[in-house]
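Let me begin by presenting the structure, written as structure tokens, before commenting on it.
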Amino acid sequence: MGSVTETASTIGYLVRALKTPTIGRVWEPLAATAREEGWSHEDYLAAVLQRQVADREANGTALRISGAHFPQVKTLEDFNLDHQPSLRRDVLAHLATTSWIAKAENVVLLGPPGVGKTHLGIGLGIKACHAGFPTAFDTATGWASRLQTAHREGRLEKELKRLRRYRLLIMDEVGYLPFDADTANLFFQLIAARYEQGSILVTSNMPFGRWGEIFADDVVAGAMIDRLVHHAEVLTLGGDSYRTRSRRELLKTPPAQGGEQ
Ligand code: ADP
Ligand code: MG
């Protein structure tokens, strides 16, 4: 056995070789605690490794969340289910487990503006990031321009392949802007490429019956919907816009003295 300083520098070298910086930070203070509290060697090793794994998981999640480019952070926990009485809680709880992403299944959220489609999409995306699934968020228009650029530069195949490393693609706001036939074809290729390979979560203000209007052609829209919903959970949200809810409620309810706002 070497001296204490020799051992410390050996550990320093080893944690760099292992690329485990957290161990580099915690081994010494944890060793002091272990001595004071009489931990076994096994307890000490478990404590050191546990800290490294926790840090690595937290870093991975943070990287996935920032890499997903969510427009805001919205969580499922912040979603008020009372405002969506028809939304099946068991279905949402199932989706929150992310097991559908492991199976490359899809989710479609339909409903009018302001009912929480984007909120739920982001919330499920954040769950995916926590569960270790690389995720990418963009609006349908955003995806359209990415695909158009790739196509124009002759690297559509490569781009579709690159997107495979994301286990979940979120395509928000399908239906707000219509696409021309060429762009509709690019969307079809994206959905076909991911069919049974990787998950897509789509939000739309348009029922499937009107997707022909969005994608220039009923046949292309039908082929897309077919692949999208073959293994999918389709949730329809309803009710009034949540955006104008507080204003409406304020107008309805006279402010009570000392009452809740
Ligand atoms: P949509 O995408 O359906 O148009 P959003 O998800 O953007 O609607 O929701 C509009 C706003 O209302 C957002 O700030 C969102 O966080 C909030 N919101 C909508 N529904 C709910 C809900 N049930 N609980 C909490 N916040 C909600
Ligand atoms: Mg939205």
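We're numbering straight along the sequence, starting at 1. Read the numbers this way: they start at 1 and go in the same order the structure lists the ligands and their atoms. As the structure is a prediction and not an experimental result, all values here were calculated from the model.
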Test side chain to side chain contact (heavy atoms under 4.5 Å, CB included), reference Leu201, set Asn106, Leu109, Leu120, output is Leu109

With Glu233, which residues qualify under salt bridge (charged side-chain N to carboxylate O under 4.0 Å, His left out), at least two apart? none

Are Val220 and Met171 co-members of a hydrophobic cluster defined by side-chain heavy atoms under 4.5 Å apart? yes

Say whether Leu18 and Ile11 are linked into one hydrophobic cluster, either directly or through other cluster members, by side-chain heavy-atom distances under 4.5 angstrom. no

Output for ligand 1, non-hydrogen cut-off under 4.0 Å, lists Lys74, Asp78, Phe79, Asn80, His83, Pro112, Pro113, Gly114, Val115, Gly116, Lys117, Thr118, His119, Tyr242, Arg243

Under the side chain to side chain donor-acceptor pair (under 3.5 Å) criterion, do His83 and Tyr242 qualify, and how do the steps go? CA-CA 8 Å; His83 196 71; Tyr242 204 87; 5.9 Å; no

Could you go step by step and tell me if Asp82 and Arg89 meet the salt bridge (Lys or Arg N to Asp or Glu O under 4.0 Å) rule? CA-CA 10 Å; Asp82 296 337; Arg89 290 164 194 233; 3.3 Å; yes

Are the side chain of Ser204 and the backbone of Leu110 linked by a donor-acceptor contact shorter than 3.5 Å? no

In short, side-chain hydrogen bond (donor to acceptor under 3.5 Å, both in side chains) pairs touching residues 117-127 with sequence neighbours left out are Glu77-Lys127, Thr118-Asp172

Using 30° and 60° as the class boundaries, would you call the ring planes of Phe215 and Trp211 parallel, tilted or perpendicular? tilted

May I ask you to list the protein N, O or S atoms found at less than 2.8 Å from the Mg ion (ligand 2)? Thr118 OG1

